[in-house]
**Q** 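So that we are looking at the same thing, I have put the structure below in structure tokens.
A, B, ... follow the sequence lines: proteins, then strands. Residue 1 opens every chain. No experiment lies behind these values; they were computed from the predicted model shown.
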Amino acid sequence: MELSDLQEIRRAKAEALRDRGIAPYPTRAERTHTTKAALELFTSEEEAGTLHDSHTGETITLAGRIVSFRHMGKTVFAHIRDGFGELQLYIRKDVVGEAAYTDILKLFDLGDFVQATGDLFRTKMGEISLRARSVTMLTKALNAPPEKWHGLQDVELRYRQRYADLLANAETRKVFATRSRIVSAIRHFLDDRGYLEVETPVLQPLYGGAAARPFTTHHNTLDQTFYLRIADELYLKRLLVGGFERVYEISKDFRNEGIDRNHSPEFTMLEFYQAYGDYEQMMEIVEQLISAVVKEVYGGSTFVYQGNEIDVTPPWSRKTLWDAIRERTGIDYTEHPDADDLLAAARKAGADIETGTVWPRIVDELLKQFVRPHLLQPIFLIDYPLELSPLAKRKPDDPTHVERFQPYIGGGEVGNAFTELNDPMDQLQRFIEQQKDREAGDEEAMPIDEDFVNALMYGMPPTGGVGIGIDRLVMLLTDQATLRDVILFPAMRRLPASSTEAGSGDDDQ
RNA sequence: GGGCCUCUAGCUCAACGGCAGAGCAACGGACUCUUAAUCCGCAGGUUCAGGGUUCGAAUCCCUGGGGGCCCA
């Protein structure tokens with residue numbers, strides 16, 4: 001790996017430190033205070049009137065990255081940033097000593113991690129600062145940070161080198177900190193309600209639980225094909241057969257499909273299941289869950305997504321899929337049980353759908369093209385056609401539809417839920433129907449999972465289940481337009497060999 | 001998979017057929033309360049790659065690569 005001129009200059013500075021017996025990468029830091037704790041210390045002493053000659057009496061040590069550096073002759077002002085904030089260092093030649101001062105001037109750069117010891121005071125401009133008695137190197141950075149005012153703008157670099165994006169752009173740091181709070185709030189919500197967090201296989205001998213194409217891999221010792229899970233559903237339901245009443249899992253799922261602003265091949269899913277529940281109860285829980293999360297992030301029940309104010313106060317409105325499609329297109333899909341017939345009606349209404357599309361997918365397209373864009377405020381679309389939902393239980397009064405709902409917020413689908421199908425023979429029949437779709441060329445149709453049917457034969461209690469796409473929820477709550485902006489390291493095409501030193505050509509097949 | 005856009009110094013961006021430039025960062029210097037510090041000086045390029053058109057290409061055309069947006 002060849003160093004650029006700028007990197008070479010910094011490497012030489014690290015060497016210069018070493019030559020003088022100073023470690024450019026010392027093993028340990030001796031921080032006594034975070035920047036946040038230091039600011040609090042000063043403010044509380046100031047308020048209590050215990051400052052000595054307007055300085056704190058206590059000597060403290062801060063550690064952080066140099067993010068600004070202003071040299072004024074025999075004085076340097078610099079800001080360091082740690083994980084809690086920033087604080088200004090005031091470094092005087094007559095305080096730190098001539099040799100150390102020269103080191104700081106000549107050998108320290110923007111981006112380096114340093115440690116500074118001294119006491120706190122306010123500058124003439126009123127900024128709480130550390131009057132440094134010593135400043136020492138913690139980590140010599142060889143790469144200069146991106147431009148200080150504009151940050152890192154290049155989207156490709158922001159994704160490929162997220163570390164540079166994070167260190168340059170406060171907004172990016174904020175998005176991912178919020179993401180963490182969201183996930184944490186979800187766990188608290190479910191833990192408080194007696195849900196057990198579990199872990200089910202990522203590598204599955206048979207995939208299922210959703211309509212999608214899987215990633216396929218191979219276990220050498222077993223000499224067997226495994227699939228990366230596309231959903232957790234069938235394993236979590238097996239746990240209800242085993243007697244757990246409430247379980248949830250927050251996990252990475254993988255779907256081998258295109259990448260766009262709403263799809264990532266690797267994404268995070270929350271699924272939770274509740275024995276003796278049904279979709280009515282699950283709707284109430286979803287409303288409460290989302291409200292709790294919004295409250296955690298925004299402190300209230302409203303937020304703005306892409307310019308639209310959204311209010312998640314329960315109860316959310318509910319509308320059958322049948323009504324929603326009829327209202328927007330005038331099409332009553334129950335009057336068109338034949339795919340060709342429904343396709344003709346859909347096209348007449350202005351839908352753009354390929355010839356040969358199977359009936360359930362036509363209904364899905366009508367939903368996507370005509371209904372979804374209007375669903376800004378939270379709403380549950382309920383009662384989907386049986387053909388669209390092979391794992392959901394039929395409505396008692398209408399066996400052509402199932403008890404299923406999808407929550408929509410901000411024009412996007414954030415989840416999927418049903419009263420779970422627990423009749424093993426019905427489930428087997430649905431799998432068989434899926435198999436027919438598969439053979440007809442629908443690559444996303446589910447394979448038959450006989451072990452799952454066997455589990456249901458032991459009996460799964462009436463159950464309500466929900467899946468929520470965490471990434472899409474985070475998009476909404478951080479006002480991001482692209483899924484990639486809420487995923488730390490989004491999947492990218494590998495760069496041509498020279499820069500990545502890619503392993504032996506593994507891109508054939 | 002298709003259409004459109006994009007790739008220039010470490011970073012942020014100009015130059016759009018006629019000498020490849022600025023700001024930040026760097027490097028040398030002045031400055032002991034600065035806040036995108038200021039001031040003086042200096043250096044920095046395979047203009048994504050390859051080919052073509054042209055007296056002359058970062059610029060126009062073709063092929064390929066990376067990325068983005070829209071569509072499927």
**Q** With C1' as the reference atom in both, quote the distance from B/rG21 to B/rU38 in angstrom, rounded to an integer.
**A** 23 Å
**Q** I want to check a possible cation-pi pair here: A/Arg162 against A/Phe489, using under 6.0 Å from ring centre and within 45° of the ring axis as the test.
**A** no
**Q** In whole Å, what separates the C1' atom of B/rG64 from that of B/rC7?
**A** 14 Å
**Q** A quick test of your reading: do over 12 heavy atoms of other residues, nucleotides or ligands sit less than 6.0 Å from CD of A/Glu439?
**A** yes
**Q** To the nearest Å, how far apart are A/Asn143 CG and B/rG10 C1'?
**A** 8 Å
**Q** Return the value, rounded to whole Å, for the distance between atom NZ of A/Lys124 and atom P of B/rU32.
**A** 12 Å
**Q** Donor-acceptor pair under 3.5 Å: do we get one between A/His71's side chain and the base of B/rC31?
**A** yes
**Q** Under the side chain to side chain donor-acceptor pair (under 3.5 Å) rule, what do A/Thr320 and A/Arg326 come out as? Steps first, then yes or no, please.
**A** CA-CA 10 Å; A/Thr320 64; A/Arg326 217 166 33 99; over 6 Å; no
**Q** How many whole angstroms separate atom NE2 of A/His150 from atom C1' of B/rA36?
**A** 10 Å
**Q** Just the rounded figure in Å: distance from C1' of B/rA36 to CD of A/Glu86.
**A** 13 Å
**Q** What I want to find out is whether A/Lys436 reaches A/Glu433 closely enough, with some N-O distance under 4.0 Å, to be called a salt bridge.
**A** yes
**Q** Considering only B/rG29, B/rA36, B/rU32, which nucleotide approaches the side chain of A/Trp149 most closely?
**A** B/rA36
**Q** Work out how far the C1' atom of B/rC13 is from that of B/rG2, and round it to whole angstrom.
**A** 32 Å
**Q** Picking from B/rA26, B/rC11, B/rU34, which would you name as closest to the side chain of A/Phe77?
**A** B/rU34
**Q** Between B/rU34 and A/Thr123, counting only base atoms on the nucleotide and side-chain atoms on the residue, is there a donor-acceptor pair under 3.5 Å?
**A** yes
**Q** Between B/rG51 and B/rC16, how far apart are the P atoms? Round to whole Å, please.
**A** 26 Å
**Q** How long is the line joining CZ of A/Arg70 and P of B/rA30, in whole Å?
**A** 20 Å
**Q** State the pairing partner of B/rA37; accept Watson-Crick or G-U wobble contacts with both distances under 3.5 Å, and report none otherwise.
**A** none
**Q** Would you state whether a donor and an acceptor, one from the side chain of A/Gln88 and one from the base of B/rU34, lie under 3.5 Å apart?
**A** yes
**Q** Going by purine N1 to pyrimidine N3 plus the second Watson-Crick contact, or the G-U wobble pair, all under 3.5 Å, which nucleotide sits opposite B/rG64?
**A** B/rC48
**Q** Want to settle it: does A/Lys93 or A/Gly151 sit nearer the 5' end of RNA chain B, counting the closest nucleotide to each?
**A** A/Gly151
**Q** Which nucleotide wins on minimum distance to the side chain of A/Glu147, given the candidates B/rC13, B/rC11, B/rU35?
**A** B/rC11
**Q** Identify the nucleotide, in any strand shown, that forms a Watson-Crick or G-U wobble pair with B/rG23, with both distances under 3.5 Å; if there is none, say none.
**A** B/rC11
**Q** Generate the contact string for nucleotides 64-72 of chain B. Rules: B means base contact, S means sugar-phosphate contact only, - means no protein heavy atom under 4.0 Å.
**A** -SBSSSS-S
**Q** Starting from the 5' end of RNA chain B, give me the residue, A/Arg10 or A/Pro146, whose nearest nucleotide shows up first.
**A** A/Pro146
**Q** Checking A/Thr35 against A/Asp82: is there a side-chain donor and acceptor pair closer than 3.5 Å?
**A** yes
**Q** Is there, by distance only and without an angle test, a donor paired with an acceptor across the side chain of A/Glu127 and the base of B/rU35 below 3.5 Å?
**A** yes
**Q** When rounded to the nearest 0.5 angstrom, what is the spacing between CD in A/Glu40 and CG in A/Leu120?
**A** 12.0 Å
**Q** Taking atom P in both B/rG50 and B/rA58, what distance in whole Å separates the two?
**A** 12 Å
**Q** For atom C1', what is the distance between B/rC60 and B/rG18, given to the nearest Å?
**A** 14 Å
**Q** Grab the CD-P distance between A/Gln161 and B/rG10 for me, whole Å please.
**A** 13 Å
**Q** Does the ring-ring contact (aromatic ring centres under 6.0 Å, His included) test come out yes or no for A/Phe121 and A/Tyr90, once each step is laid out?
**A** CA-CA 10 Å; A/Phe121 74 111; A/Tyr90 176 56; 5.4 Å; yes
**Q** Using a heavy-atom cut-off of 4.0 Å across all strands, would you classify A/Phe121 as base, sugar-phosphate, or nothing?
**A** base
**Q** Centre of A/Phe370's six-membered ring, under 6.0 Å away, within 45 degrees of the axis: is that where NZ or CZ of A/Arg328 sits?
**A** no
**Q** Taking atom P in both B/rU6 and B/rA22, compute the distance separating them and give it to the nearest angstrom.
**A** 25 Å
**Q** What is the separation between atom CD1 on A/Ile128 and atom P on B/rU34, rounded to the nearest whole Å?
**A** 18 Å
**Q** Please check if any side-chain donor atom of A/His374 sits under 3.5 Å from a side-chain acceptor atom of A/Glu327, or the reverse.
**A** no
**Q** Give a yes/no answer on whether the side chain of A/Lys148 brings an N or O atom under 4.0 Å of OP1 or OP2 in B/rG10.
**A** no
**Q** At 4.0 Å (heavy atoms only), tell me whether A/Leu6 reaches a base, stays on the sugar-phosphate, or touches nothing.
**A** base
**Q** Could you check which of B/rU35, B/rC33, B/rC11 has an atom nearest any side-chain atom of A/Met72?
**A** B/rC33
**Q** In Watson-Crick or G-U wobble terms, both distances under 3.5 Å, what is the partner of B/rU32?
**A** none
**Q** Closest approach to the side chain of A/Asp109, judged atom by atom: which nucleotide of B/rA37, B/rC27, B/rU12 is it?
**A** B/rC27
**Q** In whole Å, what separates the C1' atom of B/rG3 from that of B/rA57?
**A** 27 Å
**Q** Say you draw a straight line from CD of A/Glu156 to CZ of A/Arg493; how long is it, rounded to the nearest 0.5 Å?
**A** 11.0 Å
**Q** Let me know the distance between CE of A/Met125 and P of B/rA37, rounded to the nearest Å.
**A** 13 Å
